[in-house]
Amino acid sequence: MDFKRNIAEAIGKCTKIDADELVDLIEIPPDPSMGDFAFPCFKLAKQFKKAPPAIASELYASIELPDGVKEAKAAGGYLNFAVDPNAFARAALKRALEEGETYGASDEGNGKTVCIDYSSINIAKPFHIGHLSSTVIGHSLYRIYRYLGYRCVGINHMGDWGTQFGKLIVAFLRWGDKEIVEKEKIRALLELYVRFHDEAEKDESLDDEARAWFKKIEDGDEQALSIFEWFKRLTLEEIGRVYDLLGIRFDSYAGESFYNDKMGRVVDELKQKDLLKFDNGAYLVDLEEYKMPPCIILRSDGASLYATRDIAAALYRKDTYDFYKCLYVVAYQQNLHFKQWFKVVELMGYGWSKDLEHVAFGMVSMAEGTLSTRRGKVVFLEEVLEAAVQKTFEVIKEKSPDLEDKELIARQVGVGAVVWNALYNNRIKDVVFSWDKALNFDGETGPYAQYTHARCCSVLKKGEDIGAEVGEIDYGALEDAESIALLKAVSAFPDAVREAAARYEPYLVSRSVIDVCSTFNKFYYDHRIMEADPVVRRARLALTRAARSAIAAGLYLLGIEATQKM
RNA sequence: GCGCCUGUAGCUCAGUAGGAUAGAGCGCACGCCUCCUAAGCGUGAGGCCACCGGUUCGAAUCCGUUCAGGCGCGCCA
């Protein structure tokens, strides 16, 4: 039952205004004692040339209360509605109980494809806390879109091309040790990279040497290629451990090198469409008309650039996946870059350029300042995750010494804490990394949500053991304030998921999960669920089950495990 | 210099298409396990919603100025 809709239609009958226009005006009063829904009459004041309170009282006099609405009240310029709690509970619980673990899922995506470019690691570079946002936001959006019926393609656009690999080869050949690199992997490569920069400051010939080695990679030189492929394999092995910990899999690892032979098409098309301009030795697309600096396509030495590669990748993805949307989960530093090349794709005549979305997020820094790979000033993501797992393990030993599978639960909760932390706020906010915050388990955190989920599971288990859930539900047993608050939170969940997809904002799911958790915990504290009276018990168990569905679904959509016990 | 973003409680943030007394969490001070998981629940203190002006019946929300911080601005990615 859609209460807003029914109220809008009832008001529509009185005012002769289309219910479609009215339905979005209806809001939720700040305090439940005022009512459950409210219609603000202010917007009708001009049209009817009457004061809002007068309109409210006239509406009050003439309105025919729709199904499920118990009473209406005029309060100032508002007409407030109180719903029949029984009808509300029935409507709110129905969907959650029917859908269970897939509560809020839908088929509205109708098989349309969404490509999500996220995480996008660099070969031979540490996977550090700066990569957390892209990785978990992208993964969450992947799950959210798939939940709504879209076919998703998760793409790890690897940074596996560029002169830095020449530098690494030089450094490895001069100072590297095969066994150490094989064992230490990225750490060893990072050390070599840092050393290269130190030494190159003293000896400029190193840079030339590096360029030469990169040229060898480009030309397919056997030795160069085998070292390069080896670095690539080591990186993927090591980073794969983090992805496993996070439960992330990609559908494609097509990165920069993959598009190497696909950039000619971009240049040819731009030439053919007369968009390319020769300027100071470089080829570029002039964007002055759009108040942007030009988008450089070919450097004066003939080499392609970042934008060229991104355009090539977009064309390839459109051909290959025929996407409905293509999302780029990349930090906001690159706002201009994306605006530029999106515009170039538009100028090329591709209407689908409007389906390219830069899902930007804020910068990560440390209290001491910016992260710097080159200076080795980074915190490895794996280190953070392991520390969180370790801390969780200690907490479990202290609080739940009898818990089975301590290691598994510690992993799920520890990782969940870190992931949650990265998905709890609006994407655009900058983050200063702090161990305290990443390892915080109290208040509005992942562990809190997981704990609440485990609580629900525990109660439901008790109910199942005695078969307490069998039979009709008496919704009248859920008319207390705490039950109603929980019902409201649960029923708001599906809209939160849809809104999260529309705005590319996983935090809307986190916040909705928190609403369910805190209202559940209040409900749990104030009312005994395993009540002696079987009718009340059954109703409360049903509500608990609905709450658990919302929490489990929400955690899943964030990429966090819903623990049964903890 | 120009462009984009941000500015809400000591800290981190919500605040839904302008609407009723601006909300959480953390931290701080108290209180609650003879009761379904205390990783929980409650109470309290804490706000010129950066500033000034405008639009409006009504502005944290929209517009303009100013201030502060971040990011970016033709051959890096």
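FYI, side chains are in, hydrogens and waters are out, and symmetry mates aren't considered; it's all heavy atoms of this structure. In what follows, every chain begins at residue 1, and chains take the letters A, B, ... in the order their sequences are listed. Keep in mind that this is a model prediction, so the values were computed, not measured.
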message: For the residue pair A:D430 / A:S365, report whether a side-chain donor-acceptor contact shorter than 3.5 Å exists.
response: no

Once you round it to whole Å, what is the distance between [atom2] of [N] and [atom1] of [X]?
X	N	atom1	atom2	value
A:Q564	B:C36	CD	P	20 Å
A:N440	B:G40	CG	C1'	15 Å
A:R511	B:U16	CZ	P	13 Å
A:D526	B:C36	CG	C1'	14 Å
A:N425	B:C5	CG	P	20 Å
A:F520	B:G42	CZ	P	14 Å
A:F441	B:A39	CZ	C1'	9 Å
A:F42	B:A59	CZ	C1'	14 Å

Assigned partner base of [N], Watson-Crick or wobble definition, under 3.5 Å:
N	value
B:A9	none
B:C28	B:G44
B:C4	B:G70

[N] versus [M] - spacing of their [atom1] atoms, nearest Å:
N	M	atom1	value
B:U12	B:C75	C1'	41 Å
B:G18	B:C63	C1'	13 Å
B:G44	B:A39	C1'	24 Å
B:A9	B:G54	C1'	29 Å
B:A20	B:A60	C1'	15 Å
B:C33	B:G15	C1'	35 Å
B:A50	B:G70	C1'	16 Å
B:U16	B:G23	P	13 Å

OP1 or OP2 of [N] under 4.0 Å from side-chain N/O of [X]:
X	N	result
A:K462	B:U37	yes
A:N521	B:G40	no
A:R427	B:C5	no
A:S458	B:U37	yes
A:Y448	B:A38	no
A:K429	B:A14	yes
A:Y507	B:G25	no

Of the nucleotides [options], which has the atom closest to the [X] side chain?
X	options	value
A:Y525	B:G74, B:G72, B:G40	B:G40
A:Q333	B:C75, B:G72, B:C36	B:G72
A:V459	B:C73, B:U37, B:A39	B:U37
A:Y451	B:C4, B:A38, B:U16	B:A38
A:D442	B:C71, B:G40, B:G74	B:G40
A:M363	B:G70, B:U16, B:G74	B:G70

Per the O4'-C1'-N9-C4 / O4'-C1'-N1-C2 angle with a 90° window around 0, B:C35 comes out anti

chi for B:G25 classified (syn = within 90 degrees of 0, anti otherwise) as anti

Could [X] and [Y] be called an ion pair, given the rule that one side-chain N must be under 4.0 Å from one carboxylate O?
X	Y	value
A:D36	A:K488	yes
A:D207	A:R211	no
A:E289	A:K343	no

Query - Near-ring test A:Y259/A:Y316, centroid separation under 6.0 angstrom - result: yes

Q) Do A:Y507 and A:Y424 have ring centres separated by under 6.0 Å? A) no

The side-chain contact (heavy atoms from CB on, under 4.5 Å) partner of A:F39 among A:I55, A:N80, A:L44 is A:L44

In terms of heavy-atom contacts, A:W161 and A:S257 come closest through CE3-CB, 3.6 Å

